[in-house]
Amino acid sequence: MDAIRRIVQEIIFMCRVQNVTVSDTLGAFVARAVVLENAEAFPLDKELDENDVQELIRLSTEKLLEKNSPSAETVKMQVGFDVARVQETEELERARSKREQREAVLVNEISNAKLKVGNDTEALTSLYRKIFNFLVVRAGIESGADRPAEREIAAALESVFPRIGLKAFTALSHDDKAAQLMELSNIVLGIRLFNRHIGKGGAGITDLPTTTAELSSKLMNQTSEELVSVEELCSQYSEVIAQKYRRGGDEAPVRLQHELTNRRQYANYLKQLDGAFKQASSHTEQLTRLLLTEMESLKDLVGSRTSVPKEQVYPRFDSLAKLWQSFDEELSLLKARKATLAALKEYKDTYTPSLRPEDLVGLRSRVQVMGDVEAGEPLLPPDDGAAAAVAQVDARADNNEAQVLSGEELREAHQSRIELEGFCPVTIVQRDGLLLPASTVFLARYKGLVYGFVDEPSLNAFVEQPAKYVQAVLNAAKRAPELIHMLRLQALLRLGEPGPGPTLLPTPYPFSRLSSSTCSGCR
């Protein structure tokens, strides 16, 4: 592991010399990708000597220093987004831990308070002050910063827990004291929230429902609008690329395809955040309805009466407080995800697009319309050379056959996850990693997994030799490491488990045969 760290640190240093900042995570991932892409130069059954290590560092550094490269920028975006999601979770955890530690100190001070025999007025007064300070901290108020709010807290405390109950409180165990303090905090907050609702208090209480609703709406609108724009751009890229293939020529539109992959990855992340913001908006609306219902129910219970049995009213105040805390948690999560969105937008314009306005003239808008391809009609012209190359792919032999789905099986498959994030494996293999969404009409099941295809010829090609196509997709991902994350191939390439959350964090796999004596030149 020390040798691996030194390799990564050397890569970071070489990039820093060129005024390019590279994180540990990005350096490790690119080095790993270089090993996969150059399996012959870095075989996993051979120890890497000093020359191998220096070559690995050189190739990794070159990849990271590529200028105006959509492929390199896609990898950077993938690592950056994963790191941002990790930081999102860590920031929330740090804030929660800091709050709990501060409260725990106060709880311990209260719990450890000792009374002298007899009427120890001084100690009781000090204990009551500590309980008050605890409630102020739980309310998120700095001592002395909001006198009206402190007066409300003091009045509610005196009403719920008069000083006469202090002696009985001191006789409780530490855990029981902590539980009572939390319950007391909730009841006091509930009283203040109710008074705010009826216009008789609530000093210093932020309007969390409105703040949360406004932020979720703002973020949702931002991501939704941009997502529509990016998806339209992907459609334009797809049609221009398809037109170039239909017209024929000596060179494949590789640059355009790399840009398309970059935009698809950006759209995928936007879609994740858009879904999160929509869920937050829905949850906020639900919480608001529950809060208003609880407030009105409590209002009906209290009515014009001067006193209500605490057995009836205290649980309602506790419920109000817990609903309010849910708003606070939702708002904190939204703020953390807002930071993740900002981190993603840093990768919005990191290269110069080669898609020109004149390329868009006379487009036929059919490539991105699913189900628009008639049976037997190819979406792209056949590539006999690429198809023949698939037959030469070294794939592990198996007796599993691919089954074309139709009728009820086809309808049921629409509810299943489509492998490769819904992209056609045949176009990925035959067109140098081209990502085109599969039609819902052309699906096949292989080894229990569902694959989708852009047209019937692609479906038939896969069914003839599914194992070779699956292996060929993995080979394509090794050549273009941005596809590993995009197509969720981490597990198949031993790069960590696929799924939500961080999947690009460093693992020792590609360097498992690294000699402990190598990397003598790393500083």
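Reckoned from all heavy atoms, side chains included, excluding hydrogens, waters and symmetry mates.
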Engineer: Considering only residues two or more places apart or on different chains, which pairs with a residue in residues 64-105 satisfy ring-ring contact (aromatic ring centres under 6.0 Å, His included)?
Structural biologist: Phe81-Tyr269

Engineer: Main chain of Ala280, side chain of Thr284: is a donor-acceptor contact present, judged purely on distance under 3.5 Å?
Structural biologist: yes

Engineer: Please identify each residue that fulfils salt bridge (charged side-chain N to carboxylate O under 4.0 Å, His left out) with Arg356, with sequence neighbours left out.
Structural biologist: Glu358, Asp359

Engineer: Using side-chain heavy atoms (C-beta onward) and a distance below 4.5 Å, is Leu435 in contact with Leu483?
Structural biologist: yes

Engineer: Going by side chain to side chain donor-acceptor pair (under 3.5 Å), name the residues that satisfy it together with Asp432, two or more places apart in sequence or in a different chain.
Structural biologist: none

Engineer: If every non-hydrogen atom of Val22 is compared with every non-hydrogen atom of Gly27, which pair is closest and at what distance?
Structural biologist: CG1-N, 3.6 Å

Engineer: Is there a side-chain contact between Leu256 and Ser354, using heavy atoms and a 4.5 Å cut-off?
Structural biologist: yes

Engineer: Would you check if Leu193 and Leu323 make a side-chain contact, meaning some heavy-atom pair closer than 4.5 Å?
Structural biologist: no

Engineer: Salt bridge or not between Glu109 and Lys130? Use side-chain N to carboxylate O under 4.0 Å.
Structural biologist: no

Engineer: Report all side-chain donor-acceptor pairs from residues 290-303 shorter than 3.5 Å, counting only partners two or more places apart or in another chain.
Structural biologist:
from: Thr293; atom 1: OG1; to: Arg289; atom 2: O; distance (Å): 2.8
from: Glu296; atom 1: OE2; to: His197; atom 2: NE2; distance (Å): 3.1
from: Ser297; atom 1: OG; to: Arg316; atom 2: NH1; distance (Å): 2.6

Engineer: With heavy-atom distances below 4.5 Å as the criterion, would you say the side chains of Arg488 and Glu419 are in contact?
Structural biologist: no

Engineer: Check side chain to side chain donor-acceptor pair (under 3.5 Å) between Arg411 and all other residues, then give those that pass, not counting sequence neighbours.
Structural biologist: Glu408

Engineer: Would you call Leu320 and Ile191 a side-chain contact if the rule is heavy atoms closer than 4.5 Å?
Structural biologist: no

Engineer: Scan for salt bridge (Lys or Arg N to Asp or Glu O under 4.0 Å) pairs involving residues 326-342, sequence neighbours excluded, and state none if there are none.
Structural biologist: Glu88-Arg337

Engineer: Determine the minimum heavy-atom distance between Ala267 and Leu227, stating which atoms define it.
Structural biologist: O-CD1, 3.4 Å

Engineer: Test of understanding: with ring pair (Phe, Tyr, Trp, His ring centres under 6.0 Å), list the residues that count as partners of Phe134, not counting sequence neighbours.
Structural biologist: none

Engineer: Is there a donor-acceptor pair closer than 3.5 Å between any side-chain N or O of His258 and the backbone N or O of Ser69?
Structural biologist: no

Engineer: What is the minimum heavy-atom distance between Glu37 and Lys478, and which atoms define it?
Structural biologist: CB-O, 3.2 Å

Engineer: Who are the salt bridge (charged side-chain N to carboxylate O under 4.0 Å, His left out) partners of Arg479, not counting sequence neighbours?
Structural biologist: none

Engineer: Looking at Cys15 and Thr61, what are the two nearest heavy atoms and their distance?
Structural biologist: SG-CG2, 4.1 Å

Engineer: If you take all heavy atoms of Ile484 and Gln490, which pair is closest and at what distance?
Structural biologist: O-OE1, 3.9 Å

Engineer: State whether Lys345 and Glu226 are salt-bridged, where the test is any N-O pair (Lys NZ or Arg NE/NH1/NH2 against Asp/Glu carboxylate O) under 4.0 Å.
Structural biologist: yes

Engineer: Has Thr261 got a side-chain atom pairing as donor or acceptor with Gln257's backbone, closer than 3.5 angstrom?
Structural biologist: yes

Engineer: Not counting sequence neighbours, which residues clear side chain to side chain donor-acceptor pair (under 3.5 Å) with Tyr314? List them please.
Structural biologist: none

Engineer: Looking at Glu259 and Arg263, is there a salt bridge between them, counting it only when a charged N and a carboxylate O are closer than 4.0 Å?
Structural biologist: no

Engineer: Can Lys63 and Glu482 be counted as an ion pair, charged N to O under 4.0 angstrom?
Structural biologist: no

Engineer: Tell me, please, which residues at least two apart from Phe169 pass ring pair (Phe, Tyr, Trp, His ring centres under 6.0 Å).
Structural biologist: Phe161

Engineer: Who are the side chain to side chain contact (heavy atoms under 4.5 Å, CB included) partners of Pro148, not counting sequence neighbours?
Structural biologist: Asp146, Arg151, Ala203

Engineer: Work out which heavy atom in Ala321 is nearest to a heavy atom in Asn186; give both atom names and the distance.
Structural biologist: CB-O, 3.2 Å

Engineer: With a 4.5 Å cut-off on side-chain heavy atoms, are Leu26 and Ile12 touching?
Structural biologist: no

Engineer: Are side-chain N/O atoms of Asp82 and Gln78 paired as donor and acceptor at under 3.5 Å?
Structural biologist: no

Engineer: What residues form a side chain to side chain donor-acceptor pair (under 3.5 Å) with Thr352, not counting sequence neighbours?
Structural biologist: none

